[in-house]
Trainee: 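Have a look at this one before I ask anything.
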There are 2 protein chains.
Amino acid sequence: MGSKQASALYDEADLRRADSLAREIFSDVANKWALLIIETLGDRTLRFSELRDQVEGISHKMLTQNLRMLERNGLAERTVHPTVPPRVEYTLTGPGRALRATVDLICDWTHEHLSHIESARHRFDT
Amino acid sequence: MGSKQASALYDEADLRRADSLAREIFSDVANKWALLIIETLGDRTLRFSELRDQVEGISHKMLTQNLRMLERNGLAERTVHPTVPPRVEYTLTGPGRALRATVDLICDWTHEHLSHIESARHRFDT
DNA sequence: CTGTATCCCATTGGATACTG
DNA sequence: CAGTATCCAATGGGATACAG
């Protein structure tokens, strides 16, 4: 029973670690800018400045910050071309593209329910 | 051409309005707490206090704030039982449940890629 | 129990300037 | 062009108190 209990405790600790990691990833990813960048990248390869232009309303700072985060989590890949001026390109990795598929679904959902939401808002705001 | 142009302009204005609404909804929904609440509700009906207990780490304030937002957008329904003490229950609406399905996918994605992300992080942090 | 309001600190995020 | 750093305003979000 001693070893069994130890093993059970170990498994629980392991699960807790995985859960807290999952939580962390969820927090990283479940934010407006990260999702918009992922959606904008799609299956293309874009330069920093192209992303800044295409992700409506994002600031220089938020873009770099979120790109670093995506890179750190292995969702986007950063390629530096050692030219002058420098040319840096970003593209989604396999896991990044997998996530993108789910973001696509959220976008679809949004457009499908536009009118439901609009009228719900109208009702609520009165 | 005049009427055609006018019609085209009208359509564009319409699209811009829809886009900005979609943007707004996306911003509302693409945040950690909203998604965690949706995921926790699932297809159940939960009281305010049950939600506060089950959504790990959420504060009183964030919970009410996000519940109001979900209600306003017609994603969650609020039922007040006029007892004393009051009993208020929340449940997802049809559109809310549809969104929940996509959140489920994000959760699946997270767990599927835990190890990829963990090792990507390790590589990056060195 | 649920909800609103307030205070207050921590974090977010924009604007700008500077480096390679 | 891409990235970092800094400053500062705005928002987020926790703790607490109070009302219904």
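Lettering follows sequence order; numbering is per chain, from 1. Both backbone and side-chain heavy atoms feed into the values below; hydrogens, waters and symmetry mates do not.
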Trainee: Less than 4.5 Å apart, any side-chain heavy atom of His113(B) and any of Asn73(A)?
Mentor: no

Trainee: What I want to find out is whether Asp19(A) reaches Arg23(A) closely enough, with some N-O distance under 4.0 Å, to be called a salt bridge.
Mentor: no

Trainee: Any side-chain heavy-atom pair from Leu67(A) and Leu51(A) closer than 4.5 angstrom?
Mentor: yes

Trainee: Could you write nucleotides 2-17 of chain C as a row of B, S and -, 5' to 3', where a protein heavy atom under 4.0 Å of any base atom gives B, of only sugar-phosphate atoms gives S, and otherwise -?
Mentor: SBB--B-----BBB--

Trainee: Counting C-beta onward and ignoring hydrogens, is there a side-chain heavy-atom pair between Thr91(A) and Leu41(A) closer than 4.5 Å?
Mentor: no

Trainee: Indicate the atoms forming the closest heavy-atom contact of Leu92(B) with Ile38(B), along with that distance.
Mentor: CD1-O, 3.7 Å

Trainee: Under 4.0 Å from a heavy atom of chain B: give me the 5'-most and 3'-most nucleotides of DNA chain D that qualify.
Mentor: dG13(D) to dG20(D)

Trainee: Please enumerate all residues that pass ring pair (Phe, Tyr, Trp, His ring centres under 6.0 Å) together with Tyr90(B), with sequence neighbours excluded.
Mentor: none

Trainee: Give a yes or no on whether Val80(A) and Leu63(A) share a hydrophobic cluster (residues Ile, Leu, Val, Met, Phe, Trp, Tyr; joining criterion: side-chain heavy atoms under 4.5 Å apart).
Mentor: yes

